[in-house]
Amino acid sequence: MGVLKFGRYKGIAIAVIIGLLIGLASGKFTWGGVPVQTTAQVSGASGGFVPPGQLDTDYMFASGGQAGTLITYGLPSMRIIKTIPVFAPDARTGFGFTPETKKMLGDLSWGDAHHPTMSQTQGTYDGNFCWINDKANNRIAQVDLQSFTTTQILSVPNLMGLHSLSTDPDSKYLFTASEYSAPVVDGKPNYAPLESYKDDYYGIVSVVNTNKTGLQAGQPGKMNLDYELIVPPYDYDLASVGKGASAGLAVFTDYNSEEASTDLEKNSAKFDRDLTLVMDYNAAQKLIDAGQQDSIINGVKVIDPRKHPGIAYLLPIPKNPHGVDISPDGQWICYSSKLDPVVTVVSTDKLKKAIADKDFETTTWGLPVIKYQDVQEAQIPVGVGPLHTQFDDQGYAYTSLFVESAVTKWQLGTWKVIDKESVNYNVGHIAVAGGDSMHPFGHWLVALDKMSLNRFLPVGPGYPVTEQLFDLSGGPKMKLINEVPSDREPHYASIIPAKLMHPLSIYKKDTSRPNSIWSDDQAKVMRNGKEVTVYMDVVRSHLTPDQIEVNQGDHVTMYITNIEQQPNVSHGIAIADYNINAAADPGETTHIEFTADKAGTFPYYCTDFCSALHEEMMGYLLVKPN
């Protein structure tokens, strides 16, 4: 019998293996019953086309620029899957209309979203969170990648122009800096005349603790500002945090080492090299943990590195450097100089040795200046206007060329240029899947072009920008396989394989959740003086209660629970003439508050089309006049 059973199962095993091999050859796999594209399938004649009914292989999270959003794409189709509101109200989702999200946004109605940064565990994207900065209003937001919602917005004091954003391989910290130096004053306006720029203006490096180890996906954010460094009054541009060989370092580019305060186009481009910043954040953290900060400014612990040797150094880099990117093994620090047609590669080993040996050429602003020629490893002639570099999993680097409108592929270690492909046009950032982590996934590269020319139907004087997808899997040459228009202005993007994401399908029923109800008989309207509290449940195709009567001047609080437990059945509630809209996904409880200051009869209704009787899903708010 044992032989017979073995033979039977052996036959089944062989059949399964044959089936898998056929699947590999045909590309026919399913995920939850839905066909999923394979690499071979999307790289073939179909290019970036994903047939109807099949799923993409990767997510891309791209900044929405001045719209203050985070845009979710599927790759390789380049289809927009969801736009996540972050720094601006969004009536579609009710973001900025509920008390919680109103509090997040404060008095601000927009943000300039630039650099999405994916959470990592041991140097690999973990699919839990995405953080993104607001350059205009000096904020950092946390987006939960289970719910695809913004859960926290943190204001960062003492700095102006929060442009860079980078994280360490375990996402314990976020690092950013001021693009625009300004006076730093405690408890009063940070005013000082421009004539005193060199004496009264400072750059600021900010280190934010993510509290990620105590935070589970699906919970509200818990970021807090850990400490800051005051640094020379340059214009700090972008940042990269060490990994592997460079662990414990954070590096920042800057321009305007000239310390000019006017006409920067001319006055900040005089020097052949700018003094970029190298920071030993482990040394800084030890000071903070020991309570040895130098001051507290506007509630933030501040270190002056001039008083603590071993925390900060200056490194000359040609010329007006923009991007700084560290290779996956941490061995190479790659600087892209806007006004020099090369990428300058610095060796981490040489940099550490120079610091240990005190191999400094001078001191500026009280900080040691490392000898540039002693740490440089190579200069790669990538082309005109290099801005950013990303890395794949095969030992190659890719650099965007803004002026030349191209992307150059070059090899780490040999420093040889392998390929160059044109884009359309004036490319800024580029994104390779996992390209800023220790473990890139490679395969896709997206060029986030700043402009387009004759690619799409005209839409008035301002053309859409272009996002172009390259396939990296076909040997030494990159292959353009897809492109889409995008609203202005995409800055940066992060790409993650779909298999590493774990989005929610529903919020599970939780009868212990405060202020939630789970059946019609629990719905009620309660009054306490002029305070009215409504507990409402919504389900296809009614809202309960469907009649709410209040007095003019009452303050009304409504808790609305979507009691559906089936995916994709969302409900919303809008109240006519009261500028109110809220949305609740399956199993979610949302919350609105308003003062019933207008007397009359006001219909409220579900805003998400949910069933054949969707239009019947309504009720009346009756406000008695005084």
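Because only heavy atoms are used, hydrogens play no part in the values below, and waters and symmetry mates are left out as well, while side chains stay in. Note that the coordinates shown come from a computational prediction; the quantities given were computed from them, not determined experimentally.
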Worksheet item: Parallel, tilted or perpendicular: which fits the ring planes of Phe148 and Tyr59, with parallel below 30° and perpendicular above 60°?
Response: tilted

Distance only, no hydrogens: is a donor on one side chain within 3.5 Å (strictly under) of an acceptor on the other, for Asn158 and Asn298?
yes

task = Determine whether Tyr227 and Val300 make a side-chain contact, defined as any pair of heavy atoms from C-beta on separated by less than 4.5 Å.
result = no

Q. ring-ring contact (aromatic ring centres under 6.0 Å, His included) between Phe602 and Tyr578: does it pass, once the steps are laid out?
A. CA-CA 8 Å; Phe602 305 95; Tyr578 265 90; 5.0 Å; yes

Test salt bridge (Lys or Arg N to Asp or Glu O under 4.0 Å) on Lys172 and Asp170 and set out the steps.
-> CA-CA 6 Å; Lys172 293 180 180 178; Asp170 280 302; 5.6 Å; no

**OP:** For Asp168 and Lys212, run salt bridge (Lys or Arg N to Asp or Glu O under 4.0 Å): C-alpha distance rounded to whole Å, both residues' side-chain angles, the deciding distance at 0.1 Å, then the answer.
**Re:** CA-CA 12 Å; Asp168 60 272; Lys212 173 174 169 277; over 6 Å; no

All heavy atoms of Ala596 vs all of Val550, minimum pair found to be CB-CG2, 3.9 Å

d(Glu100 CD, Leu105 CG) to nearest 0.5 Å is 12.0 Å

**Message:** Tell me whether the count of non-hydrogen atoms from other residues, nucleotides or ligands lying under 6.0 Å of NZ in Lys524 goes above 12.
**Reply:** no

| request: May I ask you to decide if the ring planes of His591 and Tyr559 are parallel, tilted or perpendicular, using 30° and 60° as cut-offs? | output: parallel

Donor-acceptor pairs under 3.5 angstrom involving side-chain atoms of residues 609-616: please list them, not counting sequence neighbours.
residue: Ser611; atom: OG; partner: Ser541; partner atom: OG; Å: 2.5
residue: Ser611; atom: OG; partner: Leu613; partner atom: N; Å: 3.3
residue: Ser611; atom: OG; partner: His614; partner atom: N; Å: 3.4
residue: His614; atom: ND1; partner: Asp608; partner atom: O; Å: 3.1
residue: His614; atom: NE2; partner: Cys606; partner atom: O; Å: 3.2

- Message: Is it true that, when you exclude Asn579 itself, more than 12 heavy atoms of the residues, nucleotides or ligands shown sit nearer than 6.0 Å to its CG?
- Response: no

inquiry  = Tell me if the CG atom of Asn568 is crowded by more than 12 foreign heavy atoms within 6.0 Å.
reply    = no

Note to self: So Thr511 and Ser516, do their side chains get closer than 4.5 Å, heavy atoms only?
What the structure shows: no

Rounding to 0.5 Å, atoms CD (Gln146) and CZ (Phe129) come to a distance of 8.0 Å

task: Would you please test Gln547 and Leu622 for side-chain contact (heavy atoms from CB on, under 4.5 Å) and show each step?
output: CA-CA 8 Å; Gln547 177 181 333; Leu622 305 171; 4.0 Å; yes

Whether over 12 other heavy atoms sit under 6.0 Å from Tyr620 OH: no

Handout entry: Beyond-backbone contact of Met558 with Ile573, side-chain heavy atoms, under 4.5 angstrom
Key = yes

Open item on the list: Side chains of Asp144 and Thr151 only: does a donor on one sit below 3.5 Å from an acceptor on the other?
Closed with: no

Evaluate salt bridge (Lys or Arg N to Asp or Glu O under 4.0 Å) for Asp471 paired with Lys479, printing each intermediate quantity in order. CA-CA 5 Å; Asp471 185 351; Lys479 181 182 178 182; over 6 Å; no

CD of Glu483 to CG of Asn424, rounded to nearest 0.5 Å, is 7.0 Å

Please walk me through it: do Thr69 and Phe87 pass side-chain contact (heavy atoms from CB on, under 4.5 Å)? CA-CA 7 Å; Thr69 56; Phe87 295 118; over 6 Å; no

Rounded to the nearest 0.5 Å, the CE atom of Met60 sits from the CG atom of Leu469 at a distance of 8.0 Å

Notebook entry, point to check: So His388 and His429, ring-ring contact (aromatic ring centres under 6.0 Å, His included) or not? Walk me through it.
Noted result: CA-CA 6 Å; His388 302 281; His429 272 286; 3.3 Å; yes

Value for CG (Leu70) from CZ (Phe61), rounded to nearest 0.5 Å, stands at 6.5 Å

| Residue pair Trp131 / Met223, side-chain heavy-atom distance below 4.5 Å | yes

Sequence neighbours excluded, the answer for ring-ring contact (aromatic ring centres under 6.0 Å, His included) partners of Phe456 is none

Inset, instruction - Show your reasoning for whether side-chain contact (heavy atoms from CB on, under 4.5 Å) applies to Asn551 and Arg527. - result: CA-CA 11 Å; Asn551 299 320; Arg527 173 178 290 277; 3.6 Å; yes

Thr117 vs Ile132 side-chain heavy atoms within contact, under 4.5 Å
no

Rounded to the nearest 0.5 angstrom, the OH-CD1 distance for Tyr604 and Ile575 is 8.0 Å

(request) Could you check if a side-chain atom of Met617 sits within less than 4.5 angstrom of a side-chain atom of His571, using non-hydrogen atoms only? (result) yes

Next item on the list: State, with a plain yes or no, whether a side-chain heavy atom of Arg540 is found less than 4.5 Å away from one of Gln566.
Entry: yes

Note: Ala177 and Ser164 closest approach over all heavy atoms is N-OG, 3.2 Å

request  = Report the C-alpha distance between Ile496 and Met118 in whole Å, list the side-chain angles of each, state the deciding distance to 0.1 Å, and finish with yes or no for side-chain contact (heavy atoms from CB on, under 4.5 Å).
outcome  = CA-CA 9 Å; Ile496 179 172; Met118 300 292 286; 3.8 Å; yes

Subject >> Test item: side-chain donor near acceptor, Trp518 and Asp537, under 3.5 Å >> reply: no

Given the options Lys135, Glu489, His163, His114 meets side chain to side chain donor-acceptor pair (under 3.5 Å) only with His163

Ser119 and Asn128 have their tightest heavy-atom pair at OG-N, 3.5 Å

Validation row: Asn138, Met160 side chains within 4.5 angstrom (heavy atoms) | yes

